[in-house]
Each structure stands twice: as C-alpha cells, then as structure tokens.
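Just below is one structure, and these are the notes that go with it.
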Amino acid sequence: MKKYLSLLLVGVLAVACMFTGCAGGGGKKGGAIKVGVVNNPPSESGYREANVKDMEAVFSAENGYELKTAYSLKNDEQLQAAQGFITEGVDYLLISAAETTGWDEVLKKAKEAGIKVYLFDRMIDVDTSLYEAAVVSDMAKEGDTAVQWLLSQNLPEYNVIHIQGAMGSDAQIGRTGALDAQFAAGTMNKVVQQTATWDEAEAKKIVETVINSGESFNVIYAENDGMAKGAVAALDEAGITHGVDGDVIVMGFDCNKWALRELLAGNWNYDGQCSPFQAQIISDLIKGNKTTSEKKIINEEKGFDAKTLTQSDIDTYGLGE
Amino acid sequence: MKNGKRNIFKGGLGQLTIPIVSICLLLLFNLIKGLITKDLSFFSIELVRNNFGNMVLSGNLISIINGASELAVLAMGMTLVTAACGGQDISVGAAAAIAGSMFVKVVKTGSSISGMKVLLAFLAACMIACLFAAFNGTLVAVFKIQPMIATLILYTCGRSIAYWINGGATPTVSSPIISGIGSFIPGVPIPTPVIIVVVMAIIFKLVFHFTSIELFTQSVGINGSAARLNGINSTFIKLLSFIILGVCVAVAGTIGVSRLGLINHETLLLDVEMDTILAVAIGGNSLGGGKFKISGSIIGAYVIQTLTITLYAMKVSSTDVKAFKAIVIIILVVIGSPVVKTWFGKFVGKYFKKNKQLAVKGAE
C-alpha cells in the first residue's frame, strides 16, 4: 500500500513539474517580461500601500509584464522569497529590503542566473556590481526643499517649532538636517525642537505647551502630516490663525490626500513629497527607454505650496484616500 | 493640628498618600522654578476665543487634565483588572486602536454625520472592545493563563487588526460632533474629555455604591479560592473586570480618535499600556491584586501627565525626555515604597516624640 502511495506521489510530482515547465515556456513565448518584487507588506504604512499599488499598476499584463510579488517585514522571509523567484527563473528582481544586511549570497546567485536586480526605496549593503541600479528617496533633499521654500517666504524673522519623527529613522534624520543647519547659522530661531515619534496627539501636546509658555512663534515644521494635524489642532484651540494669510506657517511631509486638501483649503502652507512611485523609472530602465550611468537614482520629489496647489496635483500625487 | 499632620505622614490618607504627595511635589517643583525665574506662566489659566468662535479655557493645568483623560479612563478599568486578577492587561493600547478604528469606520459609512450615527459608532466600538476584552478575560479567568501572557496576544496583533478595519492608512473624519467629543462643545469652556472622565468616575462610584462588585473584586484578588468557597463566582468576577476595562478602552479610543478626527492605527495611544500600569502603581494599588482605590489610579494618571507637561515646559531635549521621566518615576515609586514609608513614619514619630519630651521638660 505504502509503495503504491509513494509511487502515486512521485507520479503527481512529475506531472506537476511538466505542467509548471510548460507554463514557464508559455510565458516566454508570449514575450512577457517576468518581474519578481520583494517588498514590505502594504499594511506597513500609507506610503507602502501606495508603493505596492504603483508597482501593480506599472508592471501589469497590459504593459507586457508578468508580475510576481512577495511581501514581508522580515528579512529572512524576504530572502527566501527572493531565492524562490530566482529558482522560478524571473527576468528581473526588484527589492525593497527589510534590513540592509544579509543579501550578498542571494544577489550573487541572481547574477549567476543572469537575473538583473533593481533596488527601490531602500538601499542594501552590498557591492554595487550586484545590482543594476537603486531608485531611492533622498530624505535630506526633502528637508532641503522644504527649508528653501521656507526661506523664500522672506519672513522678517523665523521662530520655528520643530516637531520631529521617531528619532533615528531615515525620514527624521533627513528632514531634521536641513533645519538644524539653519538653526546653527542663526537664520532661524529654534523655539522648541521635540520628537513626537510620529504621534499626532503628542505633537498637539508639544505645541500646547509652547502656547501656554507665551513664547511667540510663526512657523510649525512637522516631519509628517499627522503631526502637523496635531499641531494645528492645538493652534485652533488657542485661537491662533494659521495657513495662507494666517499668523503661523504650517509645514508637513508625505502628501497624504487629506493633508493636501488642507493645503487647498488654505489651512496649511506647505507639504513635502516622499514619493513611493519608483515603478515607472524602473520600468523605463528595463525597457531601455532610459539609461543611467549612476547606480543610485534619486527619485525626484516635489514640495507643494498651498498657493499653487491644484486639485489635479492632489489626484496625481496624494497618498491614501 | 499636630495629630492631623502626623496622621498624614503616617499614611492618614491611606492609599492616596503616594499619588497626592507625588502630584504636590511636581507642582511644588514648578512653583519654585516659577518663583526663581519670575515666570509663573505654568499656573496661568486663561479664557481665549478659539478658531471656531468658542470661549475656551487654556493653560498648562488645563493641558494636563485634558491630556491625561484617556490615561485616566484606562487606569480606572486597569485598576479593576489588576485587583481581580493580580496581573495587568498590556493590550489596552492595541485594543483602543481597534475600538477607535471601528468608531471611525461606522462614522464614515454613508454621507452625513449625525449625532445618532456617532452614538451608534460608539456602541460598535464598545462592542468590539468588549469582545476582545472577553477574549482576554476568558484566557485569564477560565484557562488561568497569566494576564500578561494572555494579553500579549492582542498586544502583538491588535494594531494589525486595526489596520484591517481601516483598510488603508489613516482615515480622517471631520464633523462638529466629533470635535465636540475630542475638544470642546460650543458654549462649554471645559474640554469635553475632562467631562467624560468625571462622568466615568461618577459611574464607577455609583456602581460600587449600589452593587457589591468592589468587595467581590477585592476578595477574589486577595484569595480566589477562599472567595469561591464563600459563594463568589471568581471566574465571573475576573471576566467582568475585563469587560469593564473593555468599555473603558472603547471610551479612551473614542476620545483619542475624536481629538484630531484621525485614526492612525500605529500611533493611537502608543505605549499607553505601560503608562496605565504605572498610573495604577503610583495610585498606591498593589499590582499583585487585592485592595484597590480607583481614585488613586486617576490621580496617578494626572501625575504622569503633569510630569510630561513639566518636562515639555522646561524644554528638556527630546532625546532626554524619557530618561528624565524614568528618573522622576523611580524617585516617586521609591518614596512610595512600604520600606521608605515605614522608615519615614518612624522618623516623624521619633521627631515628634522628642518635641513632646522637650515640651514636657520645658513645663517642668
């Protein structure tokens, strides 16, 4: 009995192998480019959700792609998934790694198998010869863009409440750097610089305390939209006007749709983009519409001014709903 | 007069000595600092017109009692669970995120936002919070799993569940009714969350007054088997304490969401569980269960908030805030420990005895 069962099992496996083999061959005949994407799960954040949707939209069957995806927050699971894609024989491997280390072996195997690797959103600590290119955001540039915009407002003086994100995160370090340089140069006064660890309610408390202390301020620089919203709630309760034609300039980051709508209504002044849209750039590179000599490609990111923002900007660049 | 003083030092306020002394110390510190720097703005309370045209109270003291609202509500429920089960629920933050998400979900269905719908949303939040609380409660009361282990499950997965309910990143709602719950009702200068805390406290007081829950909970916490032998259903009492905490979680989640009209499952009431347990401990309640005082926990919540606002007002650098908080809390907890209390009681006793002897000698 056992013998027959094991024979049956072997038979089934053999048939299965043949079928997958056929399917693989069929795919190549159709000319679809096989892309394996290893990413963080969309539940991670609004940013990731938009990132995943963008990937699915660009690498669609209509555009001539066959997309395979694997989502995990854990590096070892991501490594396994990448390994799986290599065994399956994809043409391109796209990776946004959970951790920067541990990728050497897998990427070497990919290279041996002739699979081209693109990194997006996050860098990996490996030799640059192991991947074609990395399309990433430059958080420091986001901060620079925002601070340049603020300087262009030509205020008589800058008294800034700076609400930071979780200390040590890429976004916090990048977005803090540019403002810190201004504080150091004396062009702007630091009223207070506190972390709210991305927590909206905490941001509100910080601004409340400044208002209660009676110190004057005219700029709120919050390192994401949620914290800017918290800060604005504190201003509203204290009867301080904000936004376009208001006493206080409100700045946020990430370009959530609801935040851009606040801009459009004139309640906030500025929102800096952190673009999750790397798929089109990678697609252009794959199809040869675009070539690059640089290994690191900085995804161009905008800053939106409440005075020039339009509804179509919100539709194009806004995240979430 | 002397007698009264001695009673306070010897613990005349009973369990409430620690929280009251703690809050007085913090306020005294601010007073002294204010007198030295000649800036008493910490204590000023003003009536200002907010951006929606209402006259509202504002000031650090208002920020403290307003900001501590969620913590105070959670601490009330946590006190009961602690007393009955001799352990803590560490999933309250995650559960509040679930309740808050449910609240927003129901509010956002359909187009207009009416008072009726908000009430319905709150009931839905209550239901889901009680459901998860019952899950925790069953693990603890029926399967006799240690509370911290049992609630670790929801602590781990709660915020993911909240994400599923949200179905997206951070849904926002804006409506006068929602801002009425989270900030101010037009015409009322007191922040609504403060009023909610008062109402909750009154409800607890009334329930304890008209039922025997308080006594039953204490006896279950002190000795479950003895309580059972005396005819108290200890499983039911433990489960009940979790369900009451569930209602508190729903209230806290609703307040938290309504403050800004935004639900962020990752940050809503982040790390609140530890603050809640701390509030219960500062309140002089034994974390091993048994006798408890809800009022102590409420004051404990205000102690924590006073500390936070004090540090913010002093502009302690963001990287140092947590360290300073820890130092102050260690001091408060050590002062409140039985060892120091007995020692202090003895010391005060001796001092007054000496004085008495001196007085007697003087008379001779």
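First the proteins, then the strands, lettered A, B, ... as listed; each starts at 1.
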Counting heavy-atom pairs under 4.5 Å with chain A, which one of [options] comes out on top?
{"options": "B/I309, B/L270, B/T267", "result": "B/T267"}
{"options": "B/V48, B/T172, B/N54", "result": "B/T172"}
{"options": "B/S58, B/S41, B/G59", "result": "B/G59"}

Step through the shown structure and confirm whether more than 12 heavy atoms of other residues, nucleotides or ligands are within 6.0 Å of [atom1] on [X].
{"X": "A/D170", "atom1": "CG", "result": "no"}
{"X": "B/Y155", "atom1": "OH", "result": "no"}
{"X": "A/D315", "atom1": "CG", "result": "yes"}
{"X": "B/F324", "atom1": "CZ", "result": "no"}
{"X": "A/K53", "atom1": "NZ", "result": "no"}

Check: B/V316 main-chain N/O paired with A/Q194 side-chain donor or acceptor under 3.5 Å: yes
Chain B contact via A/L235 - side chain, backbone, both or neither, heavy atoms under 4.5 Å: backbone
Atom group of A/L319 that falls short of 4.5 Å from chain B, counting heavy atoms: neither
Choice from A/V210, A/D236, A/I211, A/D199 maximising heavy atom contacts with chain B below 4.5 Å: A/D236
Between B/Y312 and A/E202: side-chain donor-acceptor atoms closer than 3.5 Å: yes
Check: B/S63/A/N212 side-chain N/O donor and acceptor closer than 3.5 Å: yes
Intermediate values then yes/no, side-chain contact (heavy atoms from CB on, under 4.5 Å), B/E266 and A/W198: CA-CA 9 Å; B/E266 283 298 341; A/W198 310 126; over 6 Å; no
Interface moiety of B/S174 toward chain A, non-hydrogen atoms closer than 4.5 Å: neither
Could you grab the distance from atom [atom1] of [X] to atom [atom2] of [Y], nearest 0.5 Å is fine?
{"X": "B/N66", "Y": "A/K204", "atom1": "CG", "atom2": "NZ", "value": "5.5 Å"}
{"X": "A/E237", "Y": "B/R259", "atom1": "CD", "atom2": "CZ", "value": "8.0 Å"}
{"X": "B/I64", "Y": "A/K205", "atom1": "CD1", "atom2": "NZ", "value": "11.0 Å"}

A/E200 versus B/N264, closest heavy-atom pair with distance: OE2-ND2, 2.9 Å
side-chain contact (heavy atoms from CB on, under 4.5 Å) between A/H242 and B/N51, intermediate numbers included: CA-CA 10 Å; A/H242 50 84; B/N51 280 354; 3.7 Å; yes
Carboxylate-amine/guanidinium contact A/E215 B/K315, below 4.0 Å: yes
